[in-house]
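To find a chain, count down the sequence lines: A is the first, B the second, and so on, and within it residues start at 1. Worth saying up front: this structure is predicted, and the values here are computed from it rather than measured.
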Amino acid sequence: MDLRYSKSDEEFRVELRGWLEQEVPKHGVSPDQNDWEGRVEYDTSWQRKLFDAGFAGINWPKEFGGREASVSEQLVYYEEYARARAPYVGVNFVGLLHGGPTLMVEGSDEQRAAHIPKIIRGEEVWCQGFSEPTAGSDLAALKTRAERDGDDYVVNGHKIWTSYAQVSQFCELLVRTDPDAKKHGGISWLVMPMDLPGIEIRPLPTLQGDSDFSEVFLEDVRVPIANRVGKENDGWRVTNVTLRFERGTAFASEMYRLQERLAQLKQVAKSITRWDASAWEDKALRREVGHFQAELDSLWSMVKLSVAQSGETGVPGLGASAVKLYYTELTQKVLEVYMRVIGRAALARVTIDDLPNEEVLDKALNSLSLSIAAGSSQIQRNIISERILGFPKDR
Amino acid sequence: MDLRYSKSDEEFRVELRGWLEQEVPKHGVSPDQNDWEGRVEYDTSWQRKLFDAGFAGINWPKEFGGREASVSEQLVYYEEYARARAPYVGVNFVGLLHGGPTLMVEGSDEQRAAHIPKIIRGEEVWCQGFSEPTAGSDLAALKTRAERDGDDYVVNGHKIWTSYAQVSQFCELLVRTDPDAKKHGGISWLVMPMDLPGIEIRPLPTLQGDSDFSEVFLEDVRVPIANRVGKENDGWRVTNVTLRFERGTAFASEMYRLQERLAQLKQVAKSITRWDASAWEDKALRREVGHFQAELDSLWSMVKLSVAQSGETGVPGLGASAVKLYYTELTQKVLEVYMRVIGRAALARVTIDDLPNEEVLDKALNSLSLSIAAGSSQIQRNIISERILGFPKDR
Amino acid sequence: MDFRLSEDQEALKQGIRSFCEGRISIDQLRELESKPGAFDRALWGEIAEMGIFGLRLPEDRGGVELNVADAVLVFEELGRAIAPGPLIWTHLAAGLVEGADLGDTVVGGLDMTGPSTELIMLEHLESIDTLLLLKPDGIERIDPKAIDATPVEIPLDPFTPVHHAKSLPAGERIADAETAKEWRLVGTALASAQLLGIAESTLEAATDYAKKREQFGRIIGSFQAIKHILADCFVRQEAARAAAYAAGATLDYPEVGNVERAVSAAKVVAGDAAMKNARASIQVHGGMGYTWEVPAHYFLKRVWVLENVFGTIDEHSDQLAELVGATA
Amino acid sequence: MDFRLSEDQEALKQGIRSFCEGRISIDQLRELESKPGAFDRALWGEIAEMGIFGLRLPEDRGGVELNVADAVLVFEELGRAIAPGPLIWTHLAAGLVEGADLGDTVVGGLDMTGPSTELIMLEHLESIDTLLLLKPDGIERIDPKAIDATPVEIPLDPFTPVHHAKSLPAGERIADAETAKEWRLVGTALASAQLLGIAESTLEAATDYAKKREQFGRIIGSFQAIKHILADCFVRQEAARAAAYAAGATLDYPEVGNVERAVSAAKVVAGDAAMKNARASIQVHGGMGYTWEVPAHYFLKRVWVLENVFGTIDEHSDQLAELVGATA
C-alpha cells in the first residue's frame, strides 16, 4: 500500500510531460464531429506520433510494439495524458482497446502479425460488430448467422451501435456459427474486412446529433474462415476477455480529467454573477462541489487499486464494474450541477461569452450514454451481485 | 379541483380546535414506553374522550358510532389533530384502523355488535396476528394451522410483529384452514380472544429498545368457528381490504405533523451556534430544508387527493402505495438532516440543554421501520409497477 | 373541498390531449424541427382556437373564463406533448397585448425578477411579435426587432431557439408591479404544469417500451430493476401532480394556503420529477434512448429549458426555506 | 507505487480480524452491553497486547514501528467489529501519555478544532484515566474526575456512553500545535477506516441474510431489488476502501498528494458509505433488522457516533471545496 512513484516513474513523468507539452498544442484542435476525414486524420496521426515517441500501447507487451509500462508508469501516463488534455483515443478505440488485446491473447501468429503492428501505429481503424437490435444487454442472444461455404463464412445479419463503422478497415464481429448450440455455445469471433461486398452502413444519429454510431447490415458477406479468432463456437469466452477491458482502465484518463472539469466548474462559478455575488459564494454549491471532490479523489484511488490488481494478469478484475458504476454516477451528477451553474446560458450548445457551454453540454449529453453503453448500470449491478456477492442469476 | 373548505368545514375546524386546545393539555404527557398499564390507560381514556365529544371514528359510519365526516372534514380533522399534537392512536391502532373497518365490511351483525361499539369507545384493545417468521413480505405463505374440531378451530402456529399483544383483548388472526388449497386460497380471518388457553406472548424488543412488538405462540388454541369473519378460506380477500387501510390515511396526521417537525428543525438550527453563527446561517442547510418543505407540501396535497379519491368507496386506492413511499423516504431524509443539525448532541437519546433529542432520535430510529412495516418499500414498488403500470409479476 | 378534477376539467384535459395527439405528435414535431425558428404560425393559430391563450379571459372579451387551476391542466397536456413556442407568455399576455388571445400576436417574454446575469438569453426571438419583460416593478414591452441579439447556432432544445444579447433597449411599461407579481406566480405554476406533463409522458413512453422490448427471453419490464425505476417515476409523477394542482387551486383561492409556498413547491417538485423521469426514460430505452430517432431526448432537453424559466429548483428551495414555519 | 496490500499487511489485517472474531464478537458485545460504562479493562489489555495502541511507536520504545497505512487496516478491522472504547485516542496518545500503549492508561479525547458549540459531549468518561483535548494550538490533558459532567441516561450507541458538560477545567498543555494538527489528520483517517469497516460488515451481514432468508419460495437475494441494493453497497464499500487507504498512504508519504484533501475525502466517502450501507443492511434484514436482537442497528448507531468525531461530512466537504483545483 504505497502510493510513492519511484525515481524512474518520475523520470518517465518528466519525459512524457515534456513531450505532451510540446506535441499536444502542435496537434491542434479536433475537427468537427461530422468531418470524418478530418477526424480519422487527426486521431490516427496522433496515434502515430505516440508510437514514434514510444508512448503507444502503454500497457502492451514490447513484442507487440507496446511500451510494456509498469503499473505505476501506466498511472503516470493516464494522469499526464489527462493533464495535458491530449487527444482522445477516438477512432483508434476499438483497435487499441479491444481488437489488439484480443488478438494478443487469442489470435494466431498470422493474425497478430497482420493487424497488431498496424493498430498500434494508427494505420488500421477497427470497429465493433457485437450488439444487434435484439441483442443489447443480452448480447449472447445475437442472431447474425455465419455459415461455412468452402474457405469462407457466409455472414448475414444486422449489427448496431457500431462506432466509426464508416471509417474502419476491420470489424471485430460476433456471429452465430452453430444455431443449434445453447445460447452462449455457438458464437464465433471474426475479423471482418470492412471493404467486403454485402456490407451496408447506415449512420444512427445520437441525441447529441453526431453520427458516431452506425447500423451495419450484412448480406452474404464472405469472411474467410482464416479470419476467425479462437476456436469455432468459442467466441463467447473470447468476447468476455474483450469486454472486461471496457470496464477496466479504458476510460482512466477520462476519469482523471473529471478532476479538471470540477476545477473548471469552480472557476466558471467564480466568474458568474448571481444576486450581486459570484455563483461560487453560494455555500450550498460549494458543499456539493466539495463532496464531488471527495468522490473524484476516491475514484482515482479506486483506479489505482484496480490497475494494481489487474497488473499481474493484464486483465481487469471484476471490481472494474464498481469503478464503472461509480464513475458513471459521479460524472452524471457533476455535469448536472455544472449545467445548473451555467443556468440559462445552458440553453445554447455553443460557447458564448467565454462560458464553456459547448464542451459542458456535449459532455452532459454524452454522460447519458455512460449508464447504458459497455454494459448498462443494471447489468453492472447484476455482475457485482452475482459474480462478487454470490447471489443467484436472474431467472 | 377546489381546495376551499366550506363554511361548515370551518365551523367544524373551530369546534375541533377549541376542544383539542382544552383537552390535549389536560390529558397530560404520554407515559414511558415500558409502562404498559399507563399507556393503555392513557390511550384508551383519550379514545373515550374523543368518543364522548363526537370526534371518534371520524370516517366511520354513524350506525357504528362514527362521525361519518365528509372528505373535507376528515382533512380538517387530520390537520387539527396534528396541529394540536393530540395523542397518537397508540394501542387503539389495530382496532380502529384494521379490526373495526374490517368487521364493518365483512363481519356478521353479531360480530359487529360485539366489538365495534367497544372499539370506538376505547374499551377493547386489538392486536394483529398476520405475519409469521417465514411469512413477512410474502404474507400469504403463512403456516398457522386451524383445524375444525366441533364448534372450534384448533389453532397452532407462531405469529410475529404483533403490536400491543400483551395488552390486547382480541387479535385479528390469519390462519390456514385448507392446507391443500393454493397459497392464497386456504386462508381464513378470525377474531381470537387473547385470554384463551395456549397463547404465549414473548416481547421482541425493537432497535429503539421498546417492546411494542411481540411474538405470539399458539398451541392448540380453541377459537370458536363463530369468530370467523367472512367465509372459510376467503380470508385473503378480507385481508386485502384491511391492508389497504394501512397504506391509506392511517398516518395522515403523522404526515401533517412532519410540517411541524421541519419548522422545529429550523428553530433548533437557529438556536445552535456553529462557527460563531447559528446553524441556520448555513445556506446549504437552508436549501435542503426549503426543498423538504416543497416535498412536505406536496405530500399533504397527495393526501388530499388520495382522501378525495377514496371518499366514494371509503377504501384507499392503489395510489396509497405512492403516498406511503413518498412519506417514508421524506421522513427518513428529514430526520437524517435533523440528526446532522443536532450534531454531537445526538449521541444522547435524552433531551439535554433544551434540544429535542429524545423526540428526534426516537423518530429517527422509528423512521427506519417505515420502509419495512406495512409492506416494505420494495413491495410497494412491486404493487405500483404491477397493479398500476401493468408490468408482469415477479417470476 | 374536493381535490379531484370536476367533469368539466376532465373534459377540458381530454380535449387538449386529443388536440395535441392530432396536431403536435412526435412526427409533426419532427417536421417542425427543420422549419426556421422551429415555429409554425398555422399551428399557433390552431392553439389559439383551442382557447388556450384566452382561457382565463372573461367570456365577454372572447375568453373561456376559466381559472388558473384549469390552465394548469391545459399546460400539463401541453407539457406532455412538449408543445413548442412561447405558450406561457402568450397565455399571460392575453387581454393585455392585443391579438395574443387569438394567436395573431405571438408574445414572448423574459423573467427578470430572478438573479441578474450579464448574459441575456431570449427564446423564440425570431418568431415573436412582441417581447415582454417581467420585472419586479412591472411589465415592459419591447419590439423584438429592436434588440441587438445574436442567434445561437445550436440550441440545447431543438424546439427552443435562442438568441443572446448583452443589453436590451428601453421598454414601454404596460403593467404595474402587482400584475408582474401575479404573472410570475402564474407563470411558475404553468411551467410546473408543463414539467408535470413531461414527468408523465416520459414515464408513459418508458413503460410502453419496457412492455415491448425483450432481452434474456422476456420483456425488460418483467425485471425488478426496471419495474422499480418506473415505480419511483410514478411516485414522483403523483407528487408533482399534487403540487402543481395545489398551486393552481391556491392561486385561484388564496385563502386556502400560502400562494408563494404552493407555487415554489410545485416548481421544485415538478422540476425534480421531470428531470429524474426524463433521465430514467432514456435509461430504460437503453441504446435507443441515446439516439436522436427515439424522442426521449427531446423531453430531457425541454426539462433543462423549463428548469431555467420562472426560477430554478435552487432558487425556489431558498425561498421556501424562508417560509418554513409560516402558515401554509 | 503499488496500492495493493503487502503480504505483511494482509497478515496484520487477518490477525486483527481473528482477534476481533475471538474477543469482540457480537455475543461478547452483548455481554459488554450490560456492564457499567460498557467497558471491560481486561479486554482493553488484550487489545493493547495485540499492539494496536503501540502500533506506530518505534520498536525501541516497545512499539511495532508501523505506518499510518497499517493503522488504517487495523482500524478498518476494529470498525468491522464495532469494537468499543476510546480506541483512536489511546492509539494517538501512545508514546505521549505513559501507559497508553500498554493499555494501563485508558485515554479518551475530545476534538475541539471543529465548530464551537455550547454543549460539550464526552465519550467514555467514566472508563478513562486521562482526557485529552485536541485544540488548534496544541493538546491538553485533563483529569476526567475533575470534570463537572452529567451522565446521559440513554446514549444513542449502547457502546458509547456519554456525559455532557457546560465547561471544562483548565488543562495541562502536553503537545504543540503541530502535533495537534497531525493528530487531527491521523484521527480523521482512523475514524474513516472504522467507517469503512462498518460499510463492509453491514454489507456482509445483509448478503449473508439475503442468501438464507426465503420469501415467495426463493431466497430474497435472488430478487433484483435486493441484489441491486447490495451491489450499490459494494460500490460504496470499494470507494470507501480506496479513499481510506489513500488517506493512510498519503499521511505516511505526504509527497504523494495533498494530505488534507486525502483525509477529508476519506471521511466524506467512508462516512457516506457506512451510513448508507448500515441503513441498507437494516432494510434488507426486513422486520428482523428493526429488532434489538439482530445486531444491524448497533452498526448504524456507531456510524452516527463516528460521523460526529473528527469533523462531519459537511465540514469536510466545505473544506474540500476550498481545495478544488489545488494540486492533488
Next on the checklist: Looking at D/Glu293, I'd like to know if its CD atom is crowded, meaning that more than 12 non-hydrogen atoms belonging to other residues, nucleotides or ligands lie closer than 6.0 Å.
Outcome noted: no

Checklist outcome for this item: Contact list (residues 149-160 of chain D to chain B, heavy-atom gap under 4.5 Å, by number) returns D/Val152, D/Glu153, D/Ile154, D/Pro155, D/Leu156

Item to check | Smallest separation among heavy atoms of D/Ala225 and B/Gln378, with atom names | outcome: CB-CG, 4.0 Å

Next on the checklist: As an exercise: rank D/Pro161, D/Ala296, D/Gly286 by heavy-atom pairs under 4.5 Å with chain B and give me the winner.
Outcome noted: D/Gly286

Item to check | Flag if over 12 foreign heavy atoms under 6.0 Å of CD, B/Gln166 | outcome: yes

Item to check | Proximity breakdown for B/Asn382 and chain D, heavy-atom pairs closer than 4.5 Å | outcome: neither

Checklist entry - Which residues in residues 349-359 of chain B have a heavy atom less than 4.5 Å from any heavy atom of chain D? => result B/Arg349, B/Val350, B/Ile352, B/Asp353, B/Leu355

Next on the checklist: Please give me the minimum heavy-atom distance between D/Arg279 and B/Leu368, naming the atom from each residue.
Outcome noted: NH1-CD2, 3.7 Å

Item to check | Rounded distance (nearest 0.5 Å) linking atom CE of D/Met288 with atom CG of B/Leu207 | outcome: 11.5 Å

Checklist outcome for this item: Correct closest heavy-atom pair for B/Glu336 and D/Trp304 would be OE2-NE1, 3.4 Å

Checklist entry - So which heavy atom on D/Met121 is nearest to which on B/Ala348, and how close? => result CE-CB, 3.9 Å

Checklist entry - For chain D, which of B/Ala279, B/Ser369, B/Gly209 has the most heavy-atom pairs under 4.5 Å? => result B/Ser369

Checklist entry - If you round to the nearest 0.5 Å, how far is CD1 of D/Ile220 from OG of B/Ser376? => result 9.0 Å

Item to check | Check: B/Met339 and D/Glu307 side chains under 4.5 Å, non-hydrogen atoms | outcome: no

Item to check | For the student: nearest non-hydrogen atoms of B/Asp138 and D/Gly217, plus distance | outcome: OD2-N, 4.2 Å

Checklist entry - For the atom pair CG (D/Asp314) and CZ (B/Arg274), what is the distance rounded to the nearest 0.5 Å? => result 9.0 Å

Next on the checklist: Within this structure, what is the CD1-CD1 distance for the pair B/Ile372 and D/Ile282, rounded to the nearest 0.5 Å?
Outcome noted: 7.0 Å

Checklist entry - Between D/Glu123 and B/Leu347, is a side chain to side chain contact (heavy atoms under 4.5 Å, CB included) present by the stated rule, with each step listed? => result CA-CA 9 Å; D/Glu123 301 164 31; B/Leu347 302 195; 3.9 Å; yes

Checklist entry - When you look at NZ of B/Lys283, are more than 12 heavy atoms from neighbouring residues, nucleotides or ligands closer to it than 6.0 Å? => result yes

Next on the checklist: Below 4.5 Å, heavy-atom pairs only: which of B/Asp276, B/Thr134, B/Asp282 has the largest tally toward chain D?
Outcome noted: B/Thr134

Next on the checklist: Counting neighbours of NZ on B/Lys143 that are heavy atoms of other residues, nucleotides or ligands and sit closer than 6.0 Å, is the number greater than 12?
Outcome noted: no

Item to check | Part of D/Ile229 lying under 4.5 Å from any heavy atom of chain B | outcome: side chain

Item to check | Note, D/Phe216 side chain near B/Asp394 side chain (heavy atom, < 4.5 Å) | outcome: no

Checklist entry - Is any side-chain heavy atom of D/Tyr290 closer than 4.5 Å to a side-chain heavy atom of B/Leu204? => result no

Next on the checklist: Taking side chain as everything from C-beta outward and backbone as N, CA, C, O, which of these in D/Val305 sits under 4.5 Å from a heavy atom of chain B? Side chain, backbone, both or neither.
Outcome noted: both

Checklist outcome for this item: Under 4.5 Å to a heavy atom of chain B? For D/Phe223 that would be side chain

Item to check | Atom group of B/Ala140 that falls short of 4.5 Å from chain D, counting heavy atoms | outcome: neither

Checklist entry - For B/Arg381, is it the side chain, the backbone, both, or neither that has a heavy atom closer than 4.5 Å to a heavy atom of chain D? => result neither

Checklist entry - Taking side chain as C-beta onward, heavy atoms only, is B/Arg344 less than 4.5 Å from D/Val309? => result yes

